[in-house]
Amino acid sequence: AQLCILTRNIPHNAGRNPLFRESLGAKPHLLLLNKMDLADLTDKQKILKQLELEGTQKVIFTNCVKDENIDKVVPMATEVIQSSNRFQRTETLGYCIMVIGVPNVGKSSVINAIRRQHLKKGKASRVGATPGITRAVLSRIQVCDKPPIYLLDTPGILTPQVETIENGMKLALCGTILDHLVGEEILADYLLYTLNKFKQFSYVERYGLEAPSDDIESVLKRIAIKLGKTQKVKAITGVGNVNITVPNYSVAAYEFIRTFRKGVLGKVMLD
Ligand SMILES: Nc1nc2c(ncn2[C@@H]2O[C@H](COP(=O)(O)OP(=O)(O)OP(=O)(O)O)[C@@H](O)[C@H]2O)c(=O)[nH]1
């Protein structure tokens with residue numbers, strides 16, 4: 001590929017990967033900060049400044065669900081390719097673009113959105129809410145005439161860099177790491193901590209709590225009751241058997257995380 005489109009999950013910039021720069025070398029690239037609909041973009045200028053300091057000037061904020069800013073991708077890609085001296089000699093063969101990023105940032109969604117834009121065709125790559133779902137399909141599609149530019153249909157998957165526990169939590173919260181590897185309930189606890197930290201209290205009303213809480217057990221209990229995810233179990237006590245109601249904590253935790261990922265519980269910037 002002559003151009004790499006790096007995708008990052010904007011709510012969690014730690015989707016950034018030091019290997020990006022090393023593996024890219026001097027290769028022309030542009031950066032898509034995807035899932036902009038889930039991020040609090042009040043500090044957009046600060047983010048752009050920081051990226052510029054790191055040497056990345058070509059940046060587009062995208063939302064693949066609503067095709068926001070997708071129309072800017074190919075024009076900017078064309079501009080980057082044309083201004084890169086290295087490739088000006090190969091005129092006729094065309095250029096290849098590859099979309100790369102860590103799992104679940106939306107690589108397949110980006111590819112599909114660009115396809116929709118340029119070919120008016122429907123879905124091509126599989127998109128899944130589970131990290132690692134993209135299968136290898138080796139094909140390319142033309143997305144620009146002059147110069148001829150092709151988009152590789154298979155995204156490049158980068159291994160997430162989990163340097164610290166907190167970083168791992170953030171990646172997991174964004175769906176980059178499979179939930180069960182962290183544990184839904186631990187992740188839910190980290191989510192609750194995050195929402196409180198950013199003063200995003202819409203969960204209080206949504207789940208019928210009286211006030212914000214940092215006690216994950218009581219929050220999950222409420223969610224389980226609200227969802228009707230409780231079970232009656234028989235408990236043997238000294239004075240005979242009693243029926244007690246137990247909330248299903250893992251279902252509640254999963255609902256909590258899933259709702260957050262849809263952006264319903266508020267916008268946050270994890271980094
Ligand atoms: N809210 C929101 N969700 C998005 C956006 N782009 C993608 N998604 C969702 O993120 C999830 C992952 O998207 P994919 O396109 O499968 O991500 P991927 O990077 O190809 O994932 P792998 O195949 O695991 O490497 C899906 O549930 C998408 O619907 C976006 O801009 N906003």
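In this text, all values refer to a predicted model and were calculated from it rather than measured experimentally. Note that ligands are numbered from 1 as they come in the structure, with each ligand's atoms numbered from 1 the same way.
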(message) With a 4.0 Å cut-off on N to O distance, would you call E255 and R258 a salt bridge?
(response) yes

For K107, the ligand 1 atoms with a heavy-atom partner under 4.0 Å come out as 15 (O), 17 (O), 18 (P), 19 (O), 20 (O), 21 (O), 22 (P), 25 (O)

Ligand 1 to L38, heavy atom cutoff 4.0 Å, flagged ligand atoms 1 (N)

Worksheet entry | D189 (side chain) donor-acceptor with I216 (main chain) under 3.5 angstrom | no

Problem set entry | Polar contact flag for P103 and ligand 1 (N/O pairs, less than 3.5 Å) | no

* For the pair E79 and K58, find out whether any cationic side-chain nitrogen is under 4.0 Å from an anionic carboxylate oxygen. => yes

Ligand 1 to S108, heavy atom cutoff 4.0 Å, flagged ligand atoms 15 (O), 18 (P), 20 (O)

Evaluate G106 for polar contact with ligand 1, using N/O atom pairs at a separation under 3.5 Å. yes

One finds that the ligand 1 atoms under 4.0 Å from a non-hydrogen atom of V65 are 2 (C), 3 (N), 4 (C), 5 (C), 30 (C), 31 (O), 32 (N)

Atom 15 (O) of ligand 1: of C64, S109, G101, A113, the nearest heavy atom sits on S109

Examine the side chains of D40 and T42 and answer whether a donor and an acceptor come within less than 3.5 Å of each other.
yes

Going by the 4.0 angstrom heavy-atom rule, the piece of D37 near ligand 1 is side chain

Discussion item. Whether K66 and D37 form a salt bridge (side-chain N of Lys/Arg under 4.0 Å from carboxylate O of Asp/Glu) is what I want to check.
Written reply: no

- Query: With no hydrogens and no angle check, is any side-chain donor or acceptor of N196 less than 3.5 Å from a backbone partner on L192?
  - Reply: yes

Any donor and acceptor pair, going by atom type alone, linking the side chain of N248 with main-chain N or O of K229 inside 3.5 Å?
no

Per-atom filter on ligand 1: closer than 4.0 angstrom to a heavy atom of N104 are 11 (C), 12 (C), 17 (O), 18 (P), 19 (O), 21 (O), 22 (P), 24 (O), 25 (O)

